[in-house]
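Counting starts at 1 for both ligands and their atoms, following the listed order.
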Amino acid sequence: MYYEKELETMPLDQLEALQTERLKKLASYCYERQPFYKKKFDELKVKPSDILSIKDIKKLPFTTKTDLRDNYPFNLLAVPKNSLAEIHASSGTTGKPTVVAYTTHDIKVWSTVMARAIVCAGGKPGDLVHNGYGYGLFTGGLGVHYGSLEGKFPITPVSSGGTKRQIMLIQDFQPRIITCTPSYSLYMAEEAKEMGIDPQSLSIEIGIFGAEPWTENMRKEIEAIWGIKALDIYGLSEIIGPGVAQECAGQDGLHIFADHFYPEIINPETGEEVKPGENGELVITTLTKEALPLIRYRTRDIVSMNYETCPHCGRTLPRISKVKGRTDDMLIIKGVNVFPSQIEEVLLKVEGVEPHYFIEVERLGSLDQMTVVVEVNEAIFSDEIKALEALEHKIKKEIESVLNIGVEVKLVEPKTIARSEGKAKRVVDKRVL
Ligand code: DLL
C-alpha cells in the first residue's frame, strides 16, 4: 500500500529530474530570501544559476546547528513572521533552542509525508492510532497527529506520561497502531504487566517507533513483549519533524522521502560523499519547504544508503539504514570510538538481561573508566551471588571483545533504572573535558 504511489515508486531517473527542478527553485529562493544564504553563496562564489542538476548540490554550502543557533530566533526565516502557521523549537541542551517554523504549505507537506509514513508502516485508513509521542514544542506528537488526520487514521492524542492511563485507554479503545519512542513502549509494557495485563493480549499490531536510537536486538525485545511488528521512523525538527524516513514491513532500511528531503551521506571529517553502503553523516536539503528551508543540513546522524528498489514493498525511494550513532554522541574512551548502540547490541543478546541500561563515563586520574549499568530480571537477581558475578563477567568479556577496551559492568535490581516517557538518556558522562 502506498499513500502517493507515483511519487513513492517512480524510477530513479524521474526522481532525479524532480529533485533537480526543485533544487534549482530552492537555490534561487534561498538566495533571494535568506540573507544568510546569500552571504554564504557569495563567499563560495556560487550563483543560483550555477545549479543545473541535482549533482550540482555539491557546489552549495553546508548548514549546521550552530548556524541555526547564531540566527536565533528568526533571522533565517524566508517568509515574514506574520505569514507563519506554526513555530516549534528543538530542545537545546545548552543555551538557546533552535527555531523550527512552518507555513501552511509546510504543514501540508509534513502531514503528507507523515501520512505516507503511517501507510508505509502498514497502516490502513480507518486504523486507530494511539499517539504516545509528546505534544508541544517537540515535533513527535503533532507530526503524527497531522499525518493521521491527512491519511484518515482516527487518532487518540494521548501524548506522553500517565502510563497506566494509557494502558487503560489502549484496552478500551483498541487501537491497531501505537506511536511513541521505543524506550517508552518498553515502559508501557512493564506497567501493563504490573496491572495484570499481558501486552500481547492488547489490540496493537503495529508500533511506529523513533526519535531515539534503538538496535535490532531492542526491536526483537519490543516485538516479543508486545506481539507486534515494530517499525522505525526517523526525522528531526530542523528538517520537518518525524516523517523524513520510514521503514516498511520488510524492516531493511528506512525509505527516505527524497522528493522532499534530498539525502547525501558524507565523511564527517572531509565533507566528501561516501559510496552507497558506506557509513557516513546524513546531510539533508529540504527541497520543498517555504518558511525555513535548509541547504545541506548536517544532521550528525550516522547512516548508510541503499538505492536499490525495495524487494519488499516496491518503493524506489532510497533507504537509509537504522541510525548507527551520532557524530556527537560518539564516546572516545581511552582513545577508542564507542557508540552506545554497540553496547546495546551486546547487552540485549544476553539471557536474563533487561532492556534497561545506561553507560557512565568517569575520569579516574588520567584514565577514562566506562561502566555499563544494566538491570537483570527477577530470576537472575534472586540467584546466588556467584551466578550474578559470572553473568557480570560474561557481559564484561563480550563488550570488551567488541570494543577492544576494558569496561566495568554493574548489574542492578529490576526496575531500579529510571524509565523514560520520551527520549531515553543512555550516557552519563562525568568527565570534565
Ligand atoms: O525526534 C523527531 C521525531 C519524532 C522522529 C518522533 C521520529 C519520531 P528531534 O527532537 O529534533 O526530532 O531529534 C532529532 O533524534 O537527529 C536523531 O539523532 C534522533 N532520531 C530521530 N529519529 C530517530 C531514529 C525528533 N528513528 C534527532 N533512530 C535526530 C535514531 C533518531 N535516532
Check your understanding: Where is the nearest protein heavy atom to atom 18 (O) of ligand 1: which residue, which atom, and how far?
Key -> D301 OD1, 2.6 Å
Practice item. Answer yes or no: does atom NZ of K25 have more than 12 heavy-atom neighbours from other residues, nucleotides or ligands under 6.0 Å? Key: no
Point to revise | Pair E345 + K349, salt bridge at N-O below 4.0 Å | key: no
**Study point:** Numbered atoms and elements of ligand 1 in range of F138, under 4.0 angstrom, heavy atoms
**Key:** 1 (O), 4 (C), 10 (O), 25 (C)
Check your understanding: So is K423 close enough to ligand 1, meaning a heavy atom under 4.0 angstrom away?
Key -> yes
Review point. Is the closest N or O pair between G210 and ligand 1 shorter than 3.5 Å?
Key: no
Revision key, fill the gap. re atom 11 (O) of ligand 1, the protein heavy-atom contact at minimum distance is S237 OG, 2.6 Å
Review point. Can you check whether T299 has an N/O within less than 3.5 Å of an N/O in ligand 1?
Key: no
Exercise for review: Look at the rings of F41 and Y31 and say which category their plane angle falls in: under 30° parallel, 30 to 60° tilted, over 60° perpendicular.
Suggested key: tilted
Review point. Which residue supplies the protein heavy atom nearest to atom 25 (C) of ligand 1, what is that atom called, and how far is it?
Key: G235 O, 3.6 Å
**Study point:** R315 to Y2, cation-pi by 6.0 Å centre distance and 45° axis angle
**Key:** no
Practice item. Could you check which of W214, Y234, Y133 puts a non-hydrogen atom nearest to atom 6 (C) of ligand 1? Key: Y133
Review point. Looking at CD of Q246 and CD1 of I320, how far apart are the two atoms once the value is rounded to the nearest 0.5 Å?
Key: 10.5 Å
Revision key, fill the gap. For G140, the atoms of ligand 1 under 4.0 Å from one of its heavy atoms are 4 (C), 6 (C)
**Study point:** Under 3.5 Å: N/O of D232 near N/O of ligand 1
**Key:** yes
Check your understanding: How long is the span from the CZ atom in F209 to the CD atom in E212, to the nearest 0.5 Å?
Key -> 10.5 Å
Check your understanding: Between E375 and Y357, do the side chains contain an N or O donor and an N or O acceptor separated by less than 3.5 Å?
Key -> no
Practice item. Evaluate side chain to side chain contact (heavy atoms under 4.5 Å, CB included) for L68 paired with L76, printing each intermediate quantity in order. Key: CA-CA 7 Å; L68 298 187; L76 265 178; 3.2 Å; yes
Check your understanding: When you look at NZ of K108, are more than 12 heavy atoms from neighbouring residues, nucleotides or ligands closer to it than 6.0 Å?
Key -> no
Practice item. Could you find the nearest protein heavy atom to atom 20 (N) of ligand 1 and give me its residue, atom name and distance? Key: A211 C, 3.6 Å
Check your understanding: Does ligand 1 have a heavy atom under 4.0 Å from the side chain of L254, from its backbone, from both, or from neither?
Key -> neither
Review point. To which protein heavy atom is atom 28 (N) of ligand 1 closest, and what is the distance rounded to 0.1 Å?
Key: E212 O, 3.2 Å
